[in-house]
Amino acid sequence: MQNDIQEILYDERQIGEKVKELGETLTKDFSGRNPLVICVLKGAFIFMADLVKEIKVPLEIDFMAVSSYGASTKSSGVVKIIKDLDVSVEGRDVLIVEDIIDSGLTLTYLIDVLERRNAKSVTVVTLFDKPARRTVDLQADYKGFTLPDEFVVGYGLDYAEKYRNLPYIGILKPQVYEK
Ligand SMILES: O=P(O)(O)OC[C@H]1O[C@H](OP(=O)(O)OP(=O)(O)O)[C@H](O)[C@@H]1O
Ligand SMILES: [Mg+2]
């Protein structure tokens, strides 16, 4: 698995420090509120688990699974809801937890869905951002690291469902997908 990685961009320690920092900021900004924290599965599962431990306000969590990449390094352009939320977002301060914003299509779609369901507010935190790939005008409210225009894996992110369990984020060797 490690042999398929061209370069490690951020290691476990660097990610851990960033997650802590984001948690501290969110703790301040959400004080006095009771956010519904939504994990965008599958990619955000590790970030979500680490981040909520650092947000020291009462909160609730829920999960939504969406997919648009499948076994490709490019978005299909069609965002599918695989699993919907269990609870209503009506009147709630929602915090969406994403692993990466690439084209921006997934989040544009999700924000629209949650606003149409009458969330009181929708805030986005992403650990990784790849602004060079954006096809729609979208920015996260909070972000961890800005990445170069490369396909990355690890810390929850996959290629064809593999590499999610790597503890770091790294560039996948193009030979792996250019077959
Ligand atoms: O900004 P975008 O171009 O839409 O890309 C970002 C989205 O793509 C990935 O999900 P994917 O569809 O691969 O599903 P997964 O989380 O199950 O891997 C990633 O986890 C984000 O949710
Ligand atoms: Mg994926």
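Order of appearance sets the numbers: ligands from 1, and atoms from 1 within every ligand.
- Residue-to-ligand polar distances keep Gly70 apart from ligand 1: every N/O pair is separated by 3.5 Å or more.
- Looking at Ile100 against ligand 1, both its backbone and its side chain come within 4.0 Å, counting heavy atoms.
- Salt bridge status for Arg134 with Asp129: present, with a side-chain N to carboxylate O gap under 4.0 Å.
- When non-hydrogen atoms are compared, ligand 1 lies under 4.0 Å from the side chain of Asp99 (C-beta onward) but not from its backbone.
- Distances between N or O atoms of Asp102 and those of ligand 1 include at least one value under 3.5 Å.
- Residue Gly43 places at least one N or O, backbone or side chain, under 3.5 Å from an N or O of ligand 1.
- In terms of polar-atom proximity, Glu161 is not counted as a contact of ligand 1, lacking any N or O under 3.5 Å from an N or O of the ligand.
- Nearest to atom 22 (O) of ligand 1 among the protein's heavy atoms is Glu98 OE2, 2.6 Å.
- Residue Glu161 does not count as close to the Mg ion (ligand 2), with no N, O or S atom under 2.8 Å.
- Contacts with ligand 1 closer than 4.0 Å are made by side-chain heavy atoms of Asp158 only, the backbone lying farther away.
- Using a cut-off of 4.0 Å between Lys/Arg side-chain N and Asp/Glu carboxylate O, Lys120 and Glu90 are scored as not salt-bridged.
- Near Val66, with a cut-off below 4.0 Å to any heavy atom, the atoms of ligand 1 are 14 (O).
- Each of the following atoms of ligand 1 lies closer than 4.0 Å to a heavy atom of Arg164: 15 (P), 17 (O), 18 (O).
- With no hydrogens or angles considered, a side-chain donor-acceptor pair links Asp4 and Tyr163 at under 3.5 Å.
- A donor and an acceptor atom, one from each side chain of Asp141 and Thr123, are nowhere located under 3.5 Å apart.
- In Arg133, neither the side chain nor the backbone holds a heavy atom less than 4.0 Å from any atom of ligand 1.
- For Lys130 and Asp149, the salt-bridge test fails: no basic side-chain N is under 4.0 Å from an acidic carboxylate O.
- Among all non-hydrogen protein atoms, the one lying nearest atom 4 (O) of ligand 1 is Thr106 OG1, 2.5 Å.
- For the residues Tyr69, Tyr159, Phe47, the heavy atom positioned nearest atom 8 (O) of ligand 1 is part of Tyr69.
- Side-chain contact check for Leu41 versus Met64: every heavy-atom pair is 4.5 Å or farther apart.
- Residue-level check: among N/O/S atoms of Asp158, OD1 sits closest to the Mg ion (ligand 2).
- Nearest-residue assignment for atom 3 (O) of ligand 1 (options Ala71, Ala65, Ser103, Ser68; heavy-atom criterion): Ser103.
- Residues Tyr142 and Asp29 have side chains that bring a donor and an acceptor to within less than 3.5 angstrom of each other.
- Under a 4.0 Å N-O distance rule, the pair Arg117/Asp84 qualifies as a salt bridge.
- Just one of Ile61, Val89, Leu110, Val87 meets the side chain to side chain contact (heavy atoms under 4.5 Å, CB included) condition when paired with Ile38; it is Val89.
- Against a heavy-atom cut-off of under 4.0 Å, Lys42 is close to the following atoms of ligand 1: 15 (P), 16 (O), 17 (O).
- Residue contact check for ligand 1: Leu41 places a non-hydrogen atom closer than 4.0 Å to it.
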Mind running side-chain contact (heavy atoms from CB on, under 4.5 Å) on Gln6 and Leu172 for me, showing each step along the way?
CA-CA 6 Å; Gln6 180 176 301; Leu172 187 62; over 6 Å; no

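- Salt-bridge check for Glu24 with Lys56: failed, with every basic side-chain N at 4.0 Å or more from each acidic carboxylate O.
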